[in-house]
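Before I ask anything, let me first share the structure, which is written out below as structure tokens.
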Amino acid sequence: MSAHSSSRGPPASVSQAACRRVIAAARRRGPPSRHPAPAAPRRPLRDHGPALRSTMTAASPAGPRPRSGAEIREAFLRFYEARDHRRLPSASLVPEDPTVLLTIAGMLPFKPVFLGQAERPAPRATSSQKCIRTNDIENVGRTARHHTFFEMLGNFSFGDYFKEQAICWAWELSTEVFGLAPRNLVVSVFREDDEAEAIWRDVVGVNPKRIIRMDEADNFWASGPTGPCGPCSEIYYDFRPEDGDDGIDLEDDSRFIEFYNLVFMQYNRDAAGVLTPLASRCIDTGMGLERMAQILQGVPNNYETDLIYPLIETAAGLAGVAYPALDEKGKTSLKVIGDHSRAVTQLIGDGVTASNLGRGYILRRLLRRVVRHGRLLGIDRPFLMAMGEAAITLMAEVHPALEERRGAIVAELEREEARFLETLERGEKLLAEVLAARPAQISGAQAFELYDTYGFPLELTEEIAEEHGLSVDLAGFEAAMEQQRQRAKAAAVSIDLTLQEAIDQVAAASQATAFKGYEALEHPSCVLALVVNGAPAERAVAGDRVQLVLDSTPFYGEGGGQVGDRGVLSGEGAGGEGVIVLIEGVSRNRSVFVHAGRVERGQLLVGDLVTAQVDRTCRRRAQANHTATHLLQAALKQVVDPAIGQAGSLVDFDRLRFDFHCPRPVSADELEQIEALINGWIAEAHDLEVQEMEIERARAAGAVAMFGEKYADVVRVVDVPGVSMELCGGTHVANTAEIGLFKIISEGGVAAGIRRIEAVAGPAVLAWVAERDRVVRELADRFKVQPGEIVERVGALQDELKATGKALAAARSELAVAKAAALAAQAVQVGTTSGGEPLKILVKRLDGVEGASLQVVAQKLQEQVGIGTAVVIGGLPDPADLGKVVLVAAFGSAVVAAGQQAGKFIGDVAKACGGGGGGRPNLAQAGGRDGSALDGALKAAEEKLRGALG
RNA sequence: GGGGAAUUAGCUCAGCUGGUAGAGCGCUGCGAUCGCACCGCAGAGGUCAGGGGUUCGAGUCCCCUAUUCUCCA
């Protein structure tokens, strides 16, 4: 690894500096300009209604029109901030919603609000949300405006203002702040949305010919088959207003670009498809930052805006080319690199690591596309790090988290690029083998195998094939790919949704559970909801498997790696004869704790009061393991590498597991140090300090937050003073001395670049040690030595065994040679070849020699007697065992030339002994199970050879 | 979640339709040399990832497990 990085990559510091220079230069120059910038705004807008006028006059910005991406973003947010919108930071690209892989739209973070599942953060909000989309990835760089990474500016109303206000502000922002001339604008409305059309026409004063009605596919928004939905209205920029107002076709990309989409959420759609008006109507809008930048900067596409162009220049510099001088293909490659560099940097910045699954796979695919397009441009050494550095520098001002993670981002890029180069090398080798067979064409199956199994890009296969004057069967490739897709689809088994559905329903309808388990292990609670056998119920009786929701609970719900508590619920029960519910696990569904278990006795009704009691022993063990996990992370940082980051963790009752990013195994020596360090901290009896504080304060104090994890504004900080400080919602011991003892059980790899340590803490250590001790004592007993001498003793035994084995093999072959020497003289001449060579046969029985040696004997005999000799030897390897027969045949070249093949011959002989066999024409081996038939078989073989050679 | 592939000497890898486990580099010794590098000769080094099965016989075929690579969702 280190050899790679030093020989393949330029030193990081040099490339980083170089990139910064390139970017600075690009900023000074600005991107090349082809379209003239839009004309200065004319005096806008006819008369608005009186209701609107007040906000409008207060709003009119006096300053210069925004032009750079940063200015556009700031102008948008300020505009809405001035209109009482709360400015919210961009959410992570990794969404809260587990059903969605990535944040694909500006409204995604607000989806729970629109669906009524979460409180609104404010009546009005505005944000610039980073997004990733890869469904149109093939179009990136080919069209003017497809992106994988983009920023969506949005203003949102959660049951506050609605259609007319949203439309008027959108227009005002576009014309007054961004200075777009009304003659350059066209709007679309949903086919049936007369209201929106009337507002555009009568309130805003848009020319009716420039209001286009669109159908459901384009202008009706819904988040799913059911739920809130409503019509949209979009604003388009018209690059060629001189073409007139008649026959406007908004699909014409060369003339129009959509830059602002307003969604009017006003209906709820039920399962039957019926729309009912919503009581609380919402506004959800999106303006593509890159698109607005393209319009205001007067450049022909989004890639040449100041949001991306510096990266194109960086890549062009690395390739030694100039963007404006390139042909379309080259420009496309640079655009892809520019676009994807932003995406991968942001993804890694939000904690995604390259892998074969989920979003990690999306990241990997993007990374590899960057490398490939770099190669197309002639970049022949690693350059991803340089692109990452440039992208971080370009975006860090608005996304400061990138700067904080610079080291980790660049390291991930380096690792992943090196891995891909290995893949490419292997693929090229395999393809060379295919080409060496001089086929007429590379078949679809071959190309697909290279792609599917070895990850070798199709385009490269095509390219290399072309160099050899060959084509690739693309249709065959597509067919194979389609087959693969079908397989994956067919195998996608739907998990048991019904059970999950009932719980989801119950959880969605319940209030957040109040967790009391930090202070108390016993707590009076009220049963809010019950699910029996997967269906919501009012009542559960003895024997039922239940899932239940309480108003408050001392039970810890599984989360943050720690398992849920176990325990019992007890109460008077419905009949008054007492109810007991055994709780076996607690999970969380959003902020509702779901207790799963079994009713042991009595009846439980919704509304019952119960005493919830956590199993103290289990909890204590979990706490010991959890605090130990924190100590482990601290020790790893101290002993191995301060940059070690958590990649996952499990805290169970009887063990703990900690996964972390680390490029190499942790040595046995280091593991010992870690153990000693942790046990030292335990012995020092540190009191833990747990407090809630604002996240910024926690970070400033140096608390370790999990990379890529999302945290609320107020977080819980678990502090072992002087040793470890982490953000953590789990439960912990009050003093490290409670852990008692810590022991590492194993260290190993779980995935490339990720190591796993398994350990035990607290009482579980004793159980583990006792088991180990039992094994050691039993070994000592068997070997009749002291435990400390076992290793030495076993080593000596191994050496002895090996030596004995060798001596035995040597003795066997010596014996075989001796027996063979005695047999050589007994060869019988039965004929002569046409060349005058004597043909001799030697058919003998030789017991007590195992197969491999017998073969050596036969071959030696054949060589000794001559090329015209046919040797057949059969015997019992173990004279006492009639169930196993070995037969060998060694035919000299003259015998083979005479038409006899050892393999076929010996097979026939073996049949007589109840077996079979084969081999090469000159040497063959066979076996059988009937030792009593051996003599007869050998006799027959001799006759047959006599006949054949005589 | 579903496919495909790989795992053989310290390292990089051959080993075809089952039939005596190999090469290159590295290592050790000897030779050659004033000495070193190169070179020549000899040698050590393998439970063919682990477990089960088929077969007279499995590195090779089948199944399971582990690890790594890779594609699809």
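Just so we're on the same page: letters track the sequence lines, and every chain starts at 1. Quick caveat: nothing in here was measured; it's all calculated off a predicted structure.
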Looking only at side-chain atoms of A:Thr423, point me to the closest of B:U70, B:G2, B:A73.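 Nucleotide nearest to A:Thr423's side chain: B:U70.
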Got a sec? Which of residues 892-903 of chain A come in under 4.0 Å of RNA chain B, heavy atoms?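 Residues of residues 892-903 of chain A under 4.0 Å from RNA chain B: none.
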Whole angstrom is fine here: how far is it from CD in A:Glu425 over to P in B:U70?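 Going from CD in A:Glu425 over to P in B:U70 covers 14 Å.
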In whole Å, measure the gap between the P atoms of B:A49 and B:A58 for me.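 About 15 Å, rounded to a whole number of Å.
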Keeping A:Arg845 on the side-chain end and A:Leu934 on the backbone end, is there a donor-acceptor pair under 3.5 Å?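 Not at all, since once roles are kept as given, no pair shorter than 3.5 Å links the two residues.
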Between the main-chain N or O of A:Ala912 and the side-chain N or O of A:Asp930, is there a donor-acceptor pair closer than 3.5 Å?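 A pair under 3.5 Å: no.
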How long is the line joining CD of A:Glu428 and P of B:C69, in whole Å?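 Atom-to-atom, A:Glu428 to B:C69, this comes out as 20 Å.
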Min side-chain heavy-atom separation A:Leu671-A:Ile757 under 4.5 Å: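 A:Leu671 reaches A:Ile757 side chain to side chain.
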When you measure from every atom of RNA chain B, which of residues 448-458 of chain A have a heavy atom less than 4.0 Å away?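 Those residues are A:Tyr451, A:Asp452, A:Thr453, A:Tyr454, A:Gly455.
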Just the rounded figure in Å: distance from C1' of B:G2 to CD of A:Gln483.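 Nearest whole value for this atom pair: 14 Å.
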So does A:Leu876 get a backbone contact from the side chain of A:Asp847, meaning a donor-acceptor N/O pair under 3.5 Å?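 Flag set: sc A:Asp847 to bb A:Leu876 pair under 3.5 Å.
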Counting any heavy atom closer than 4.0 Å, what does A:Leu923 reach on the DNA or RNA strands: base, sugar-phosphate only, or nothing?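 Base, at least one base heavy atom under 4.0 Å.
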I want to check one thing: is the phosphate of B:C69, taken as OP1 and OP2, less than 4.0 Å away from some side-chain N or O of A:Arg426?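 For A:Arg426, the contact criterion (side-chain N or O under 4.0 Å from OP1 or OP2 of B:C69) is not met.
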Please check if the number of heavy atoms outside A:Gln441 that lie under 6.0 Å from its CD is greater than 12.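 Atom CD in A:Gln441 is packed in, count exceeds 12.
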Expressed as a whole number of Å, how far does the P atom of B:C16 sit from that of B:G59?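 It works out to 12 Å between them.
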Between B:A37 and B:G22, how far apart are the C1' atoms? Round to whole Å, please.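 Approximately 29 Å lies between the C1' atom of B:G22 and that of B:A37.
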For A:Arg133, give me all partners under salt bridge (charged side-chain N to carboxylate O under 4.0 Å, His left out), at least two apart in sequence or on another chain.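 Residues passing salt bridge (charged side-chain N to carboxylate O under 4.0 Å, His left out) with A:Arg133: none at all.
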Of all residues at least two apart in sequence or in a different chain, which pass the ring-ring contact (aromatic ring centres under 6.0 Å, His included) check with A:Phe150?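 In terms of ring-ring contact (aromatic ring centres under 6.0 Å, His included), with neighbours along the sequence ignored, A:Phe150 is linked to no residue.
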Read 5' to 3' with Watson-Crick or G-U pairs under 3.5 Å, [ ] for crossing pairs and | for partners on another strand, RNA chain B gives (((((((..((((.....[..)))).(((((.......))))).....(((((..]....)))))))))))).
Please enumerate all residues that pass ring-ring contact (aromatic ring centres under 6.0 Å, His included) together with A:Tyr451, with sequence neighbours excluded.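 Here the qualifying residues are A:Phe477.
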Just the rounded figure in Å: distance from C1' of B:A73 to CG of A:Leu102.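 Spelled out: CG on A:Leu102 to C1' on B:A73 is 14 Å.
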Send over the distance from A:Phe477 CZ to B:C71 P, rounded to a whole Å.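 That distance rounds to 11 Å.
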Using 4.0 Å as the upper bound for N to carboxylate O, is an ion pair formed by A:Arg485 and A:Glu482?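 Answer for the salt bridge query: yes.
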I need the CG-P distance between A:Leu424 and B:C71, as an integer number of Å.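 Distance check: A:Leu424 CG to B:C71 P gives 11 Å.
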Can any side-chain N or O of A:Asp350 pair as donor or acceptor with the backbone N or O of A:Leu93 at less than 3.5 Å?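 At least one qualifying donor-acceptor pair exists.
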Protein-nucleotides 12-16 of chain B N/O pairs closer than 3.5 Å?
none

Say you pick atom C1' in B:A42 and the same atom in B:C61; how far apart are they, in whole Å?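 Pairwise C1' distance, B:A42 against B:C61, rounds to 39 Å.
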Taking the P atom in each of B:U60 and B:U54, what is the distance between them to the nearest angstrom?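 Per the computed distance, 15 Å lies between those P atoms.
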Using side-chain hydrogen bond (donor to acceptor under 3.5 Å, both in side chains) as the criterion, list what pairs up with A:Lys884, not counting sequence neighbours.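 Result, side-chain hydrogen bond (donor to acceptor under 3.5 Å, both in side chains) vs A:Lys884: none returned.
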Short N/O separations, protein against nucleotides 54-60 of chain B, under 3.5 angstrom:
{"from": "B:C56", "atom 1": "OP2", "to": "A:Arg929", "atom 2": "NH2", "distance (Å)": "3.2"}
{"from": "B:C56", "atom 1": "N1", "to": "A:Gly916", "atom 2": "O", "distance (Å)": "3.1"}
{"from": "B:C56", "atom 1": "O2", "to": "A:Gly927", "atom 2": "N", "distance (Å)": "2.9"}
{"from": "B:C56", "atom 1": "N3", "to": "A:Gly916", "atom 2": "O", "distance (Å)": "2.6"}
{"from": "B:C56", "atom 1": "N4", "to": "A:Gly916", "atom 2": "O", "distance (Å)": "3.4"}
{"from": "B:C56", "atom 1": "N4", "to": "A:Gly917", "atom 2": "N", "distance (Å)": "3.0"}

If I pick the P atom on B:C11 and the same atom on B:G50, what distance separates them, to the nearest angstrom?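 About 15 Å, rounded to a whole number of Å.
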Sequence neighbours left out, what passes ring-ring contact (aromatic ring centres under 6.0 Å, His included) with A:Phe905? Give chain and number order.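 Counting only residues at least two positions away or on another chain, A:Phe905 forms a ring-ring contact (aromatic ring centres under 6.0 Å, His included) with A:Phe891.
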Would you kindly give the CG-to-C1' distance between A:Leu430 and B:U70, to the nearest whole Å?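 My rounded result for the distance is 12 Å.
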Using a distance-only test with no angle check, is there a side-chain donor-acceptor pair under 3.5 angstrom linking A:Asp473 and A:Ser443?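 On atom types as modelled, these side chains do not qualify, holding no pair under 3.5 Å.
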Qualifying residues under side-chain hydrogen bond (donor to acceptor under 3.5 Å, both in side chains), relative to A:Glu428, sequence neighbours excluded: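 Per chain and number, A:Glu428 pairs via side-chain hydrogen bond (donor to acceptor under 3.5 Å, both in side chains) with A:Arg375.
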Pairs meeting criterion salt bridge (Lys or Arg N to Asp or Glu O under 4.0 Å) with involvement of residues 442-462 of chain A, two or more places apart: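 For residues 442-462 of chain A: A:Arg372-A:Glu459.
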B:C69 C1' sits how many Å from A:Arg365 CZ, rounded?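 Atom CZ in A:Arg365 sits about 17 Å away from atom C1' in B:C69.
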Pick the P atom in B:C64 and in B:C71, then give their distance to the nearest Å.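 So the two P atoms sit 24 Å from each other.
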Decide yes or no for A:Thr869 and A:Leu861: does some side-chain heavy atom of the first lie under 4.5 Å from some side-chain heavy atom of the second?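 Heavy-atom side-chain distance check fails, nothing below 4.5 Å.
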With C1' as the reference atom in both, quote the distance from B:G2 to B:G18 in angstrom, rounded to an integer.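 Straight-line distance between the two C1' atoms is 32 Å.
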Are A:Val410 and A:Ile348 side-chain neighbours, meaning at least one heavy-atom pair lies under 4.5 Å?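 No, too far: nothing below the 4.5 Å cut-off.
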Of A:Glu416, A:Glu417, A:Glu412, the residue whose pairing with A:Arg364 passes salt bridge (Lys or Arg N to Asp or Glu O under 4.0 Å):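 With A:Arg364 as partner, salt bridge (Lys or Arg N to Asp or Glu O under 4.0 Å) holds for just one option, A:Glu416.
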